[in-house]
Participant: 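Dropping a structure here in structure tokens format, bear with me for questions.
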Amino acid sequence: MTAVTVRVPAKVNLQLAVGPAREDGYHDLVNVFHAVSLFDEVTVTAAGPRAVTGFARLTVEGEPYAYTAEVPLDDTNLAARAARLLARETGSGGPIDIHLRKRIPVAGGMAGGSADAAGALVACNTFWRAGLSPDDLLALAAELGSDVAFPLVGRTAVGTGRGELLTPVSSVGRYHWVFALSGKGLSTGRVFAEYDRLRPDAPEPREDTALMSALASGDARALGAALSNDLEAAALSLRPDLDATLQAGRAAGALGVIVSGSGPTCAFLAADEAAAGRVAAALRESGHCERTVTAYGDVEGAVVVPQG
Ligand code: C5P
């Protein structure tokens, strides 16, 4: 085996209920993850010649809208940390090159960095024949970050705890989404800190039963009405310009309108693929959105791409 490529999906949060800050600084969540058809690809190869010694050398390419210039290429990158963690835990592997092909916007609230880390875990496990089970990989993912486990499983799942304890949700049908992308990312930590400032009395997070029945029946209109994100007010407080983007999507007839995760990406649920195209065009014409991308959900989690 000379290379292993793994494809990993982005996520949008259908519900993000955030509790009060815990002792460890994290927040208990009810986080309904939904995997959408915007995929990054993570390719692992044996290390080529390099000027500086190091365990994982990173390179990146991607769509212009993914703002790949913002991706850290040093060993702070979550994909590099994932490779090191897996090597340390299994005693396998040696220096590697990791190439990221990005379609998930960077620092956009769609868990692109977490998806790349999940992809690196699966790629290294395969490349080094390390033999970790899916449950072993989920445990390593949870060590790396709150959102890293979900892209391993994909589809639709509720995350509790920090968001890393996953339970699959039965979801029928296909949902069509438009994402309004923003050139300037938002730091997840900053958005949570702003949430603490705005909501010092946050209640314990609870699963929304209306959302669960919408997913069980495949009712896009009911799903649109049930979307909710407790971090939205905090994201809007830091980025007031996003309000006009949300309004423009609402005016364009989206069934549901929400900031994705900690933002700044805004997500719009449309009735079908044609309606998604119309919402995307209206958003771009509104002048309140730099770029749009359309995708559908839910989709499967990390998969090894056959070498062709
Ligand atoms: O777990 P992860 O490293 O992705 O989290 C990034 C930041 O988001 C954390 O440092 C923390 O500030 C915040 N966070 C949180 N509660 C969670 C998940 C993330 O406060 N459940």
Side-chain angles (χ1 to χ4, degrees), residues 8-35 40 42 70-72 74-86 100 102 104-121 137-154 157-167 185-208 228-239 259-265 301-302:
V8 274
K11 60 83 181 165
V12 60
N13 306 84
L14 306 179
Q15 182 192 0
L16 183 45
V18 182
R22 309 190 312 202
E23 298 260 299
D24 64 2
Y26 282 91
H27 299 72
D28 281 327
L29 306 179
V30 169
N31 189 350
V32 182
F33 294 103
H34 181 74
D40 278 2
V42 181
E70 304 294 318
V71 176
D74 58 13
D75 54 13
T76 64
N77 186 296
L78 208 50
R81 285 169 47 200
R84 268 204 318 277
L85 178 65
L86 191 136
L100 304 175
K102 292 204 64 72
I104 309 175
V106 176
M110 298 189 77
S114 298
D116 297 345
L121 286 177
L137 291 175
L138 284 170
L140 290 189
E143 273 187 51
L144 290 161
S146 312
D147 286 353
V148 181
F150 174 69
L152 292 173
V153 297
V158 188
T160 53
R162 287 187 292 128
E164 83 287 18
L165 306 169
L166 297 173
T167 310
L186 265 177
S187 138
T188 307
R190 258 193 88 203
V191 176
F192 272 101
E194 183 66 1
Y195 176 81
D196 291 338
R197 197 180 68 79
L198 295 174
R199 295 287 305 275
D201 53 348
E204 288 306 320
R206 285 193 195 295
E207 194 171 286
D208 178 356
S228 70
N229 180 358
D230 283 355
L231 291 182
E232 188 164 293
L236 289 174
S237 167
L238 298 172
R239 284 285 305 274
V259 169
S260 177
S262 56
T265 301

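Every heavy atom of this structure was used, including side-chain atoms; hydrogens, water molecules and symmetry mates were not. Throughout, residue positions are numbered sequentially from 1 according to the sequence presented. Counting convention: from 1, in listed order, for ligands and their atoms alike.
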Participant: Please work out whether any backbone atom (N, CA, C, O) or any side-chain heavy atom from C-beta onward of Tyr26 is under 4.0 Å from ligand 1, and answer side chain, backbone, both or neither.
Facilitator: both

Participant: Under a heavy-atom criterion of less than 4.0 Å, does Ser262 contact ligand 1?
Facilitator: no

Participant: Could you label the plane-to-plane angle of the Phe33 and Phe150 rings as parallel, tilted or perpendicular, counting under 30° as parallel and over 60° as perpendicular?
Facilitator: parallel

Participant: Atom CD in Glu207, atom CG in Asn31: separation rounded to 0.5 Å?
Facilitator: 11.5 Å

Participant: For the pair Asp28 and Arg22, find out whether any cationic side-chain nitrogen is under 4.0 Å from an anionic carboxylate oxygen.
Facilitator: yes

Participant: Going by distance alone, is a donor N or O of one side chain under 3.5 Å from an acceptor N or O of the other, for Glu164 and Ser146?
Facilitator: no

Participant: With a cut-off of 4.0 Å, which atoms of ligand 1 are near a heavy atom of Gly25?
Facilitator: 20 (O)

Participant: In the protein, what heavy atom is nearest to atom 19 (C) of ligand 1, and what distance, to one decimal place, separates them?
Facilitator: Phe192 CE1, 3.6 Å

Participant: Would you confirm whether Asn13, through its side chain, and Gly261, through its main-chain N or O, come within 3.5 Å as a donor-acceptor pair?
Facilitator: yes

Participant: Drop me the distance from Asp196's CG to Asp201's CG, to the nearest 0.5 angstrom.
Facilitator: 11.0 Å

Participant: What atoms of ligand 1 come within less than 4.0 Å of a heavy atom belonging to Gly189?
Facilitator: 12 (O)

Participant: What is the nearest protein non-hydrogen atom to atom 4 (O) of ligand 1, stated with its residue, atom name and distance?
Facilitator: Ser146 N, 3.7 Å

Participant: Taking 4.0 angstrom as the limit and counting only heavy atoms of His27, give me the atoms of ligand 1 inside it, by number and element.
Facilitator: 15 (C), 16 (N), 17 (C), 20 (O), 21 (N)

Participant: Identify, by atom number and element, the atoms of ligand 1 in contact range of Gly145, meaning under 4.0 Å from any of its heavy atoms.
Facilitator: 1 (O)

Participant: Would you say Arg162 and ligand 1 have an N/O pair spaced under 3.5 Å apart?
Facilitator: yes

Participant: Of all the heavy atoms in Asp147, does at least one lie under 4.0 Å from an atom in ligand 1?
Facilitator: no

Participant: Would you say Arg190 has more than 12 foreign heavy atoms packed within less than 6.0 Å of its CZ?
Facilitator: no

Participant: Going from CG on Leu121 to CG on Leu140, what distance comes out if it is rounded to the nearest 0.5 angstrom?
Facilitator: 6.0 Å

Participant: Among all protein non-hydrogen atoms, which one is nearest to atom 8 (O) of ligand 1, and what is the separation to 0.1 Å?
Facilitator: Thr188 CG2, 3.4 Å

